[in-house]
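Step one of this worksheet: look at the structure below.
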Protein chains: 2
Amino acid sequence: MTITYFLCKNFHQFASMSNDIIDPLSVDCVIFGFEDARLKVLLYKRSIEPAFGVWALPGGFIRYDENIAKASARVLEEVTGVKGLFMEQLGAFGEVDRFPGRRVITVVYYALVKPGQYNINLGPNASDADWFEVKKLPDTPFDHSKIITSALSRLRRQLKYKPIGFNLLPDKFPLLALQELYEAIFGVDFDKPNFRRKIMKMNLLIPLQEKQTGVAHRSARLYKFDKSRYDSLTEKGFIFEM
Amino acid sequence: MTITYFLCKNFHQFASMSNDIIDPLSVDCVIFGFEDARLKVLLYKRSIEPAFGVWALPGGFIRYDENIAKASARVLEEVTGVKGLFMEQLGAFGEVDRFPGRRVITVVYYALVKPGQYNINLGPNASDADWFEVKKLPDTPFDHSKIITSALSRLRRQLKYKPIGFNLLPDKFPLLALQELYEAIFGVDFDKPNFRRKIMKMNLLIPLQEKQTGVAHRSARLYKFDKSRYDSLTEKGFIFEM
DNA sequence: ATAAGTTATGGTCAATCTGACAATTATTTC
DNA sequence: GAAATAATTGTCAGATTGACCATAACTTAT
């Protein structure tokens, strides 16, 4: 016991001077996207053992010189090629046997990506990343399936009281797109006029002059989310609720 | 880098066979209690360096043979003397410099304790633990103040859509106690008849024959939370909201 | 024993919100 | 120009909310 402790102390002293990773601690990212009116998750084909070649959550190790948020932002950028995405910590997962061979505890973040905001196809490993419908996920290794379920339930909860859904839509969108987003994530249908009324009453959408194009019916007006208005309303005590 | 990696691998192989801790990873607990109509946090006077003798969150290290939840439950039991308290993970805190000397990442849980459900005074270190009003906290070391703030905001959010407040009340309580709990945590006042109406409509409280005693006015009926009814209502799609 | 003080508990009412759904409008395609 | 498809506006009854009034019940002071 004493010996082990010293060993470990030495290990850290050595490691902290280099640019090395904190060994038993990893970060994983659950990256959500919204496409074809469906909620999707970005998975990555593992290029190392264990679970070589299996679709899994993108992850990596935390370095000694970065905090956890930065580590996950780095991993996220490595996969999507984009910085500054919406990101929030889900929590730490640390079952003793969650990872084979040695004890690894992972801190999970979930991220929201707008369509076109990522460019996974630009990397050298284009075929190694792909979107999967949340409802039709492939088998994932370790506890990743549990993690994704947990991330989805956190996303639903958040969506109820924060307007984070806009991070899954393009900057300009018709009202129906927003409605379909909520319908896909909550798994329920809303009445179109009622949904419109509720959203519009919040005064968080700026109507644009532009309209939808390329649709085979009356085109809808486009809107954009008014973040600055949201911030100022929130300060005054406004509470977003869906 | 390669050398370091091997060092660390060896370290883990050795350590995982012993009963040792995972060195750079700790757990901390934010333990909430409700007393005298005020929300309080249980702090512990540190008996080791750094920050020796300073009031801080009770914490400890995670062992190789226990998952994170168990580690925090153990720490919680060591402080309160009680098992099986309501507990939920808040997340991991990992700023590079959050702990002096070496890099320690901590996983934080928050717990809710009913009055009389703990017996901190029974331990050998009775004077080393005490309750502090959330609004009048002493100076705490490291990032503990930030952690408590974060725990409080999580508690508020949870309280909105889950009836976890009952974990802060005795098994039998008058309606006003429940109202004062919500008032203390949200920092707002509710109208008494309206609060009663809203709560009673949910059908989650079982009215008892017993009444309050020892009060200098009309005594109120006592109620208890009906957990089984909550579970079955929830299954049917009932959503608790305050 | 009675009055005063205090909280419990039950009700009312107008304003607002919600859910269901009818009706009309604007585009595109056939 | 008709048909098809959504967009958009409007209506209405029922439920919910917030403000507040009134009465009941119990304890303590006199």
Side-chain angles (χ1 to χ4, degrees), chain A residues 36-38 159-161 163 169-170 172-184 186-225 233 236-242, chain B residues 36-38 159-161 163 169-170 172-184 186-225 233 236-242:
Chain A
D36 307 326
R38 288 185 182 82
L159 218 49
K160 283 249 172 195
Y161 68 95
L169 292 178
K172 303 169 181 181
F173 53 87
L175 273 186
L176 186 57
L178 185 61
Q179 180 176 343
E180 285 172 340
L181 174 69
Y182 277 89
E183 289 179 337
F186 289 125
V188 295
D189 287 344
F190 298 104
D191 178 86
K192 224 185 290 187
N194 290 345
F195 183 86
R196 164 188 299 269
R197 180 179 53 190
K198 187 163 187 177
I199 286 288
M200 293 315 282
K201 200 176 32 187
M202 294 186 191
N203 269 76
L204 293 175
L205 294 184
I206 300 175
L208 304 172
Q209 290 313 313
E210 284 178 78
K211 296 205 167 187
Q212 243 178 349
T213 57
V215 289
H217 52 77
R218 173 175 177 181
S219 59
R221 178 186 292 280
L222 298 183
Y223 295 84
K224 69 174 182 180
F225 175 57
L233 283 179
K236 289 178 196 160
F238 164 81
I239 295 175
F240 178 90
E241 264 182 69
M242 277 305 292
Chain B
D36 307 326
R38 288 185 180 83
L159 218 50
K160 281 251 172 195
Y161 67 95
L169 292 179
K172 303 169 181 180
F173 52 87
L175 274 186
L176 185 57
L178 186 61
Q179 180 176 342
E180 285 172 340
L181 173 68
Y182 277 89
E183 290 179 338
F186 289 124
V188 296
D189 286 345
F190 298 104
D191 177 86
K192 225 184 289 187
N194 291 345
F195 183 86
R196 165 187 299 270
R197 179 178 56 190
K198 186 162 188 178
I199 285 287
M200 294 314 282
K201 198 176 34 187
M202 293 186 190
N203 269 75
L204 292 175
L205 293 184
I206 301 175
L208 303 172
Q209 290 314 313
E210 283 178 78
K211 296 206 166 187
Q212 242 178 350
T213 57
V215 288
H217 52 76
R218 173 176 177 181
S219 60
R221 178 185 292 280
L222 298 184
Y223 295 84
K224 68 175 184 182
F225 176 57
L233 283 178
K236 289 177 197 160
F238 165 81
I239 294 174
F240 178 90
E241 266 182 67
M242 276 305 294

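Below, read A as the first sequence line, B as the second, and so on, with proteins coming before strands; counting in each chain starts at 1.
- Separating the NE2 atom of A:His217 from the P atom of D:dA6 is a distance of 6 Å, rounded to the nearest angstrom.
- Distance from the side chain of A:Lys192 is smallest to D:dA6 among D:dA19, D:dC26, D:dA6.
- For B:Leu176 and B:Asp191, each mapped to the nucleotide of DNA chain C holding its nearest heavy atom, the one lying further toward the 5' end belongs to B:Leu176.
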Subject >> Worked verdict on B:Phe186 versus B:Leu159 for side chain to side chain contact (heavy atoms under 4.5 Å, CB included) >> reply: CA-CA 9 Å; B:Phe186 289 124; B:Leu159 218 50; 3.8 Å; yes

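- Where A:Pro193 and A:Ser219 meet DNA chain C, the nucleotide closest to each residue was compared, and A:Pro193 sits on the side nearer the 5' end.
- Using a 30° and 60° split on the angle between ring planes, A:Phe190 and A:Phe195 fall in the tilted class, from 30° to 60°.
- Between B:Leu205 atom CG and C:dT9 atom P there is a gap of 12 Å when expressed in whole angstrom units.
- For B:Arg218, no side-chain nitrogen or oxygen approaches OP1 or OP2 of C:dT6 to under 4.0 Å.
- A:Phe195 has its CZ atom 17 Å from the C1' atom of D:dT9, to the nearest Å.
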List, with names and distances, any nitrogen or oxygen atoms from the protein found under 3.5 Å away from nitrogen or oxygen atoms belonging to nucleotides 15-17 of chain D.
| from | atom 1 | to | atom 2 | distance (Å) |
| --- | --- | --- | --- | --- |
| D:dT17 | OP2 | B:Lys201 | NZ | 3.3 |

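- The distance between atom CG of B:Leu222 and atom P of D:dA25, rounded to the nearest whole Å, is 18 Å.
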**OP:** Dump the intermediate steps for side chain to side chain contact (heavy atoms under 4.5 Å, CB included) on B:Lys160 and A:Tyr161, then the final yes or no.
**Re:** CA-CA 10 Å; B:Lys160 281 251 172 195; A:Tyr161 68 95; over 6 Å; no

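- Closest to the B:Arg196 side chain, of the nucleotides C:dT9, D:dA7, D:dT28, is C:dT9.
- Distance CZ (B:Phe190) to C1' (D:dC20): 18 Å, rounded to an integer number of Å.
- Within the 4.5 Å cutoff, no side-chain heavy atoms of A:Leu178 are placed close to those of A:Phe225.
- Regarding A:Glu241, its CD atom lies at a distance of 13 Å from the P atom of C:dC17, rounded to whole Å.
- Partner A:Leu175 forms a side-chain contact (heavy atoms from CB on, under 4.5 Å) with one of A:Arg221, A:Glu180, A:Met200, A:Lys192 and no other, that one being A:Met200.
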Subject >> Steps toward side chain to side chain contact (heavy atoms under 4.5 Å, CB included) verdict (A:Leu208, A:Lys224) >> reply: CA-CA 7 Å; A:Leu208 304 172; A:Lys224 69 174 182 180; 4.2 Å; yes

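- Taking atom CE on B:Met200 and atom P on C:dT9, their separation rounds to 9 Å, with Å as the unit.
- As a whole-Å value, the separation of B:Lys211 NZ from C:dA8 P is 11 Å.
- When each of B:Lys198, B:Arg196, B:Arg197 is tested with B:Asn194 by the rule side chain to side chain donor-acceptor pair (under 3.5 Å), just one qualifies, namely B:Arg197.
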